[in-house]
Protein chains: 2
Amino acid sequence: MRDLNYKHLHYFWVVAKEGGVNRAANKLGVAAQTISGQLALLERSLGVALFAPAGRGLALTEAGRTALSYADRIFNLGEQMLEALEDRAGEAVLRLTVGILDALPKLAAHRLLQPLMGMGKPVRLVCYEGEIDELMSDLALHRLDVVLSDRPVASTGSLRVFSHPLGEYPVSFYGVPALARQYAKGFPASLAGAPLMLPTRTNALRGKLEQWFEANDLRPQVVGEFEDSALMDTFGRQGMGLFPALSMLGPDVEAQLGALPVGELEGVREQVFAISGERRIRHPGVEAILAAAAG
Amino acid sequence: MRDLNYKHLHYFWVVAKEGGVNRAANKLGVAAQTISGQLALLERSLGVALFAPAGRGLALTEAGRTALSYADRIFNLGEQMLEALEDRAGEAVLRLTVGILDALPKLAAHRLLQPLMGMGKPVRLVCYEGEIDELMSDLALHRLDVVLSDRPVASTGSLRVFSHPLGEYPVSFYGVPALARQYAKGFPASLAGAPLMLPTRTNALRGKLEQWFEANDLRPQVVGEFEDSALMDTFGRQGMGLFPALSMLGPDVEAQLGALPVGELEGVREQVFAISGERRIRHPGVEAILAAAAG
DNA sequence: CGAACAATTCGTAAAAATGGAATTAATAGC
DNA sequence: GCTATTAATTCCATTTTTACGAATTGTTCG
């Protein structure tokens, strides 16, 4: 039973729905012998009988009933697809569906997606956020075109994904003006005992920060851990403590959060990866993003 | 673009997943020209481009992405079907999935399904209850083999169903012994002012009861209306009032509910129909039921 | 029992899919 | 800027699959 022949399955489906080979032949516009023959081939390739003689007609076997419920769904999907494509035949807007890891800084995501707007075509951007597992499964189901992550993702047996580095960016600590002034002098040594907000351990950046503390012989006071970077930003704005963010986002951070840079963390770089589910065929939008990141 | 060629769609699916015509050809064990040609035919029949040249490869178009999400589901279903059939290849139990209208007396349903047990094969009976609309849609989706209803159902445009009469059965009023004794004398005239429980107006029997009251010039006191006959039985057992049920179920009613017949309603017959979604192909179990009802 | 119906088998004809050889197009390397 | 390489495609002969006419088998109904 190597490969399923969908033409044969389609005949089976119509016969089952119409209630007989002759009726199906009539509906499909082919001769009854044809259907009968193809049906026999299907049964042989499946290794099970789908129909059993009943009276002078046919009745579904148990296996046939199982097959019918699948065939129903399969061919309904096929019909839906035709409708969907008929609608879309005229349209020309490019839709890019992006999954963004909760932990990834929103401003960074925004920056990375910026190149899309500079493309020739009109683009409709659809963003989802979530944890890495959800996003990966959505990627596998083609509900997402690409996922932005803070680490590369390895292909597992069932899930084949491809990670493309989008870049690595220096990281700085930021804080409200009062805090920033207080700890800027003598940075990074000044951080000893400073109130810090850090991402949780599920975030790749967390490990790098720990290493940096180790290397600089610092033991800061952690006042909060955040899964979602947007939440951390909000608390940072209230002056809860110093928080890490990309150095290049200085102007944005100041404008949106009223926080100033305290100092850059030497050797610490936040990495960003674009994870795609395709080996090489690329979404024009994803291509634009990768090109902009590389250039 | 009348009919979708699933072989072509399958090639498209593999090309999209593998990331190129050559890779797909390699995986499928056919030449690249073949795939290229079949893909072109698919695009022509659909009237939209699925791929666009990108570099020296191909990239999905917006329509291609739409198609891919359908193809994913379609071919995953196909693979699931093969697995399901492989498992079921040995099995020999017959499964009958029946939908039973809430309003239909449970004891009657039990009686009607009884013949199944006398068949040669082992049978697994799966019963669902619900309102007519739910059951009809489940029937259309092949989640049910047959529906037992108290009235025939007409085929609508989108839903083709076939109603087979299973029989009509005389109806009696029943009640706990005290009530039964009180109202049996002089039946049916004695019912004037008797506490009665009736099915709601969604039940076909309700209309027939009203007519019978009219014909016998009775104006009984309705102490309760019930959608579900099992609920009515439960209240009847508590002595809330007299309730209608099939005459032939007298022994069952007495054994299970401790209620006695008060009198049969002349001219009132509860009808039962088997509704199937198939024109003629019949489930061996359904056939047995119909045969037993006819014989 | 024979007429009508339903499915099937057989052999051949038509249609579709396939692969070889050559062509076009876009990179990557030198 | 030229050449080797990779990828997709076009053209056409060949194979495979699908389809139909004619005849066959089995079942139901009058």
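Numbers restart at 1 for each chain; the letters A, B, ... are given by sequence-line order, proteins then strands. Scope of the values below: all heavy atoms of this structure, side chains included, with no hydrogens, waters or symmetry mates.
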Quick check on [N]: is either OP1 or OP2 less than 4.0 Å from any side-chain nitrogen or oxygen of [X]?
{"X": "A:T34", "N": "D:dT18", "result": "no"}
{"X": "B:Q38", "N": "C:dT18", "result": "yes"}
{"X": "A:N22", "N": "C:dA7", "result": "yes"}
{"X": "A:Y11", "N": "D:dA19", "result": "yes"}
{"X": "B:S36", "N": "D:dT9", "result": "yes"}
{"X": "A:H8", "N": "D:dT18", "result": "yes"}

Just the rounded figure in Å: distance from [atom2] of [N] to [atom1] of [X].
{"X": "A:L58", "N": "C:dT8", "atom1": "CG", "atom2": "C1'", "value": "10 Å"}
{"X": "B:L41", "N": "D:dC11", "atom1": "CG", "atom2": "P", "value": "13 Å"}
{"X": "A:K7", "N": "D:dA19", "atom1": "NZ", "atom2": "P", "value": "5 Å"}
{"X": "A:L42", "N": "D:dT17", "atom1": "CG", "atom2": "C1'", "value": "15 Å"}
{"X": "A:F12", "N": "C:dA7", "atom1": "CZ", "atom2": "C1'", "value": "16 Å"}
{"X": "B:L39", "N": "D:dT10", "atom1": "CG", "atom2": "C1'", "value": "15 Å"}
{"X": "A:H10", "N": "D:dT17", "atom1": "NE2", "atom2": "C1'", "value": "18 Å"}
{"X": "B:D3", "N": "C:dA15", "atom1": "CG", "atom2": "P", "value": "17 Å"}

Quiz item: So which one's nearest nucleotide on DNA chain C is more toward 5', A:A40 or B:V30?
Solution: A:A40
Quiz item: When you measure from the side chain of A:R56, which nucleotide among D:dA7, D:dT9, C:dA6 comes out closest?
Solution: C:dA6
Reported [atom1]-to-[atom2] distance for the pair [X] and [Y], which is rounded to 0.5 angstrom:
{"X": "A:L112", "Y": "A:Y169", "atom1": "CG", "atom2": "OH", "result": "4.5 Å"}
{"X": "A:L125", "Y": "A:H110", "atom1": "CG", "atom2": "NE2", "result": "9.5 Å"}
{"X": "A:M248", "Y": "A:E270", "atom1": "CE", "atom2": "CD", "result": "9.5 Å"}
{"X": "B:E83", "Y": "B:L85", "atom1": "CD", "atom2": "CG", "result": "10.5 Å"}

Practice problem: Could you tell me how the ring of B:F12 sits relative to the ring of B:F51: parallel (under 30°), tilted (30 to 60°) or perpendicular (over 60°)? | Solution: tilted
Quiz item: With nearest nucleotides of DNA chain D determined for A:N5 and A:Q33 from heavy-atom distances, which residue corresponds to the more 5′ nucleotide?
Solution: A:N5
